[in-house]
Amino acid sequence: MSTNSLPKRYLITAALPYANGLKHIGHLAGAYLPADTYVRYLRAQKRDVVFVCGSDEHGTAIPIQATKEGTTAQAIIDKYHPIIEQNFKDLGISFDIYHRTSAPIHHETAREFFKTLNDKGDLITKESEQYFDETAQSFLADRYIKGTCPNCSHPGAYGDQCESCGKSLSPDELINPVSTLSGNAPIKKLTKHWYLPLDRHEAFLRKWILEEHANDWRATVVGQCKSWIDGGLLPRAVTRDLDWGVTLPDDVVDGKGKVLYVWFDAPIGYISATKQWALDNEKDWKPYWESKDTKLVHFIGKDNIVFHCIIFPVMLQLHGNILPENVPANEFMNLEGDKMSTSRNWKLEMEDYINDFIKPENGGSQMADVLRYYLTAIAPESKDSEFTWKGFQDANNSELVSIFGNFVNRALVLMHKLCKGKVPPLHAAAMDELDHETIANIKAAKEKVEKLIEEYKFRDALFEVINLARIGNQYMQKKEPWIIAKTLDTNPDGQQLIDNCLHICLQLTGNLAILINPFLPFTAKKICYLLKVVDRILDWENAGSLKLVSVGYSLRPPELLFRKIEDEEICKQVEKLKAAAVHKEVTPAVEAKQEEKAITVKPEIVFDDFAKIDLKVGTIVSAEKVEKADKLLKLQVDLGFEVRTIVSGIAMHFDPAAIVGKQVTVVTNLAPRKMRGIESNGMILMAEDAVGKLHFINPETAIDNGSGVS
RNA sequence: GGCGAGGUAGCUCAGUUGGUUAGAGCACAGGAUUCAUAACCCUGAGGUCCCGGGUUCAAAUCCCGGUCUCGCUACCA
């Protein structure tokens, strides 16, 4: 916040998009657009700034998706990385580098990072009770192990909990453990996992965030961090048993077959991207990550707060890097009355907008600026906001076109008509109070915009730019040069008044170009073209100047900056959105949050194994939500010979009232288990589709309850 | 369920440490104007500040309770 000691350099990051699909305008508005605006402003200030981003290409979701699509993980990331990169380019997001975490330099960087922390003793290892199934050739998650409970001697206890006595267990405690995958006794292969002991750093985080940044970080960011810190920080696993990701350094004992957990490797992607940029540009990357006089800012969405404010800073600090000076997280953007959702296909992808609007015949790059304008104007800086096509149209037609575009156009048209196509001189003697006031307003606009951008208030800053155009319209209206022009015969001094008015309007137009440049770069360029000035005048230091266009210079014939958007166009978009939407069965169907579930290609079983499972058809006779649990429904299922209570985690997908009477397939001989205090006697079979929606497995036509399934 | 952030005009949002009559832009209505993309300019109408209590001379603002939205987290055999 100290304005007298400017940072020597800036490092700006925008959240790494996960390369498993296309990104929508919510992502754009949340992180990339504000980051780009900030960076363009800094560049115009001639500050030393690097803007890095890249695709996040690891984690389990990508191999899972690859399996679903019948392809390889590599193919998935190779498909999406270039498209995402191009989308950003088309929308004017000006990364200095758009990198990817599959790049070798990233793997090296992440490994080095891990090694440094590990060698210093900043990571702890836990040789967790990992059993290994030799038949299945994989480590066994706790719940895939059964054995005798040490507490109550129940023979069917799971590795994480005994159903019988309810005691929480670790697999190590089980007597006679058996793998549920193969039925064999697992061997106790010591698998080591590395953890980042966040608990060691509570004092540091408390001081750094809750004291030092209590006032200059956004309330939602500080609040979220406080919530985490107060909740008690726990060691967080840094490694996983997986074959997709950054492998551990070779010399790490027991590191074979393990990769870095994606949350650990992804943010390091900012560093590796910076390194690659430095290589490409013959620069030194180190000061950007190590020098205290670098200002680091992370632009992210609110779902990313803990990683960028708690976890990554701890990593950076341990590794000897600088910490972010701010993390201006945005809230979310809704679309036409509903949350944006990939699974329900309720979204506007950047790609779609580009295809539908940024075509030469539609206005080309100018239409990229229109989206940039609206998204900034409704940026979810302090609370969730909403994109509507009507709002988009209004913002364009009545602000960009009518106020901003129209001012520039009428200034140029009038100049051509009344000043012979040349920039008229300013006659100091003929200036009045309004002229001086308007000039003062131009200078004031610069100060306001500057201050607001520095505070990450881009929405307000953009408003001030539009407001300067409004001031221009008011000024022109009061001056009425077109009226004066009619009386020139009787009033020869009138030309001086006309000259002054248009001189000031043209200088104001030049200022608009400078001020709008961080927000709408294509528009700024176009104004430069119309004014026949070089792009260099866009340097921020020229803002407030009254010498942007030279007297006597002849300018180009006027061209419109923006076109109107017709009702027809937005109706089409709304229809398109609704037509593509996947209908949800119940209210807030959760986003298919590609959970961290490993793809288990289960080992072959024999018929006897299958025969152990007792499957029967039953009918749901009642269903109710379980108190204090979002996902659980308590069901009464009629199995013909009895009615059972079954608790099932399907509340997010089905309305309790709507599923009564439905037939389902039930595993009837599953050991009872308590959930939220209710004993569940069985399990309902569900199928999960590609977008994470659940479907009942039931007979084609209703049959008797209790019918066996085989 | 726990925690965090929000709920202010039809829409998008401001409201600083409690202090005249709660503001802006858009949309809407009326007027004026014609240089300009039926654009601009002027004027106006519009609010139970989510609900209920409390503190205070004074509450959108502080406290308590409730409710709705979003996020994090727990429950998901």
Side-chain angles (χ1 to χ4, degrees), chain A residues 143-144 158 161 163 180 218-231 301-306 329 331-334 339 374 377-388 390-391 394-395 397-403 405-418 457 459-460 463 466-467 469-470 472-486 498 501-502 505 558 560-564 588 590 595 626-633 646-653 667 670-678 680-686 694:
Chain A
R143 60 176 83 114
Y144 286 120
Y158 288 95
Q161 193 186 22
E163 249 77 84
T180 58
R218 291 184 179 167
T220 172
V221 175
V222 176
Q224 185 75 224
C225 292
K226 186 173 184 323
S227 170
W228 261 68
I229 296 170
D230 288 347
K302 67 173 161 181
D303 53 340
N304 245 328
I305 290 173
V306 287
E331 305 282 312
F332 285 176
M333 183 172 280
N334 296 328
K339 282 201 288 185
Y374 182 50
I378 61 163
E381 288 173 4
S382 55
K383 57 183 162 193
D384 290 354
S385 69
E386 177 158 328
F387 181 107
T388 63
K390 183 78 175 73
D394 281 347
N397 292 357
S398 50
E399 291 169 28
L400 271 186
V401 173
S402 300
I403 295 173
N406 183 45
F407 171 76
V408 173
N409 187 48
R410 67 197 295 212
L412 285 168
V413 168
L414 271 180
M415 185 272 298
H416 275 91
K417 284 188 180 170
L418 308 181
K457 294 179 178 169
R459 199 179 50 205
D460 293 344
F463 174 82
I466 298 300
N467 202 43
R470 186 174 287 117
N473 276 320
Q474 290 164 347
Y475 171 73
M476 206 182 274
Q477 199 67 31
K478 284 178 192 156
K479 289 285 175 183
E480 296 184 310
W482 53 91
I483 301 283
I484 301 173
K486 288 177 185 163
I498 294 174
C501 172
L502 286 165
C505 283
L560 297 182
L561 287 178
F562 304 102
R563 69 169 179 86
K564 286 215 153 198
V590 249
E595 280 167 22
V626 174
E627 287 289 308
K628 304 178 185 181
D630 287 345
K631 297 189 185 175
L632 300 181
L633 286 187
I646 296 177
V647 179
S648 185
I650 57 173
M652 308 292 270
H653 300 262
V667 181
L670 196 67
R673 180 175 171 125
K674 272 196 173 181
M675 280 180 272
R676 286 276 151 190
I678 302 165
S680 178
N681 298 283
M683 170 178 163
I684 311 282
L685 293 190
M686 305 295 301
L694 296 181

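Here is the naming used below: chain letters follow the sequence lines, and residue numbers restart at 1 for every chain.
Residue Asp394(A) contributes atom CG, which lies 14 Å from atom P of C13(B) at whole-angstrom precision. G6(B) atom P lies 11 Å from atom NZ of Lys302(A), rounded to whole Å. We find that CZ of Phe332(A) is positioned 16 Å from P of G6(B), with the value rounded to whole Å. Between the C1' atom of C13(B) and the CD1 atom of Ile466(A) lies a distance of 16 Å, rounded to the nearest Å. Put simply, CG on Asn409(A) is 10 Å from C1' on A39(B), counting in whole angstrom units. The distance between atom CZ of Phe407(A) and atom P of C40(B), rounded to the nearest whole Å, is 14 Å. Going from atom CG of Leu414(A) over to atom P of A39(B) covers 19 Å, rounded to whole Å. As rounded to whole Å, 16 Å separates atom C1' of G2(B) from atom NZ of Lys631(A).
The gap from the C1' atom of C11(B) to that of C42(B) amounts to 24 Å, rounded to the nearest Å. The gap from the C1' atom of A5(B) to that of G47(B) amounts to 24 Å, rounded to the nearest Å. Distance check on atom P: G30(B) versus C35(B) gives 24 Å, rounded to whole Å. Taking the C1' atoms as reference points, U21(B) lies 15 Å from A60(B), given to the whole Å. Straight-line distance between the P atoms of U37(B) and A45(B): roughly 33 Å, to the nearest whole Å. Taking atom P in both C70(B) and U12(B), one finds a spacing of 15 Å when rounded to whole Å. Comparing the same atom, C1', in C28(B) and in U34(B) gives a spacing of 23 Å after rounding to whole Å. Here the separation of A39(B) from C26(B), taken at their P atoms, is 13 Å to the nearest Å.
Backbone-only engagement by Arg459(A) is indicated by non-hydrogen atom pairs under 4.0 Å involving sugar-phosphate atoms exclusively. Contact annotation for Val401(A): base contact, defined as any heavy-atom pair under 4.0 Å involving a base atom. The residue Ser382(A) sits close only to the backbone: its heavy atoms come under 4.0 Å of sugar-phosphate atoms, none of a base. Base contact: Phe562(A) has a heavy atom under 4.0 Å from a base atom. The residue Ser680(A) sits apart from the nucleic acid: no heavy atom pair falls under 4.0 Å. Looking at heavy-atom distances under 4.0 Å, Arg470(A) makes contact with sugar-phosphate atoms alone, never a base. Within the 4.0 angstrom heavy-atom criterion, base atoms lie near Leu561(A). Within the nucleic acid shown, Glu399(A) comes within 4.0 Å of sugar-phosphate atoms alone, with no base atom in reach, counting heavy atoms only. Across all strands shown, Lys417(A) has heavy atoms under 4.0 Å from sugar-phosphate atoms exclusively, and none from any base. Base contact: Asn406(A) has a heavy atom under 4.0 Å from a base atom.
Under the Watson-Crick or G-U wobble criterion, with both distances below 3.5 Å, C13(B) is paired with G23(B). In this structure, U56(B) makes no Watson-Crick or G-U wobble pair, since no nucleotide meets both defining distances under 3.5 angstrom. Base-pair partner of A29(B): U43(B) (Watson-Crick or G-U wobble, both distances under 3.5 Å). Searching all strands for a Watson-Crick or G-U wobble partner of G4(B) with both distances below 3.5 Å returns C70(B).
The shortest side-chain heavy-atom distance between Trp482(A) and Arg410(A) falls under the 4.5 Å cut-off. Residues Asp384(A) and Lys302(A) have side chains in contact (heavy-atom distance under 4.5 Å, counting atoms from C-beta outward). Between Asn409(A) and Phe562(A), every side-chain heavy-atom pair lies at or beyond the 4.5 Å cut-off. For the pair Gln477(A) and Tyr475(A), the minimum side-chain heavy-atom distance is 4.5 Å or more. With contacts defined as side-chain heavy-atom distances shorter than 4.5 Å, the pair Leu414(A)/Met476(A) qualifies.
Annotated as syn: G46(B), whose glycosidic dihedral is within 90° of 0.
Listed pair Ser227(A) / G2(B) fails the phosphate criterion, with no side-chain N or O lying under 4.0 Å from OP1 or OP2.
Nucleotides of RNA chain B nearest to Glu386(A) and Gln474(A) differ in position, and the one nearer the 5' end is that of Glu386(A). Both Lys478(A) and Leu632(A) sit near RNA chain B, but only Lys478(A) has its closest nucleotide nearer the 5' end.
Of the listed nucleotides (C76(B), C41(B), C70(B)), C41(B) has the atom at the smallest distance from the side chain of Asn473(A). For Lys383(A), the side-chain atoms get nearest to G7(B) when compared with the rest of G7(B), U37(B), U12(B). With C26(B), U73(B), C35(B) as the choices, the nucleotide that has an atom nearest any side-chain atom of Ser398(A) turns out to be C26(B). Ranking A5(B), U34(B), C72(B) by closeness to the Trp228(A) side chain, first place goes to C72(B). Closest contact between the side chain of Lys486(A) and the listed nucleotides C35(B), C3(B), U37(B) involves C35(B).
Listed for the Ser385(A) side chain is no donor-acceptor partner under 3.5 Å among the backbone atoms of Met333(A). For Glu399(A) (side chain) and Ile466(A) (main-chain N/O), no donor-acceptor pair under 3.5 Å exists by modelled atom type. In terms of modelled atom types and a separation under 3.5 Å, the side chain of Tyr374(A) and the main chain of Asp394(A) share no donor-acceptor contact.
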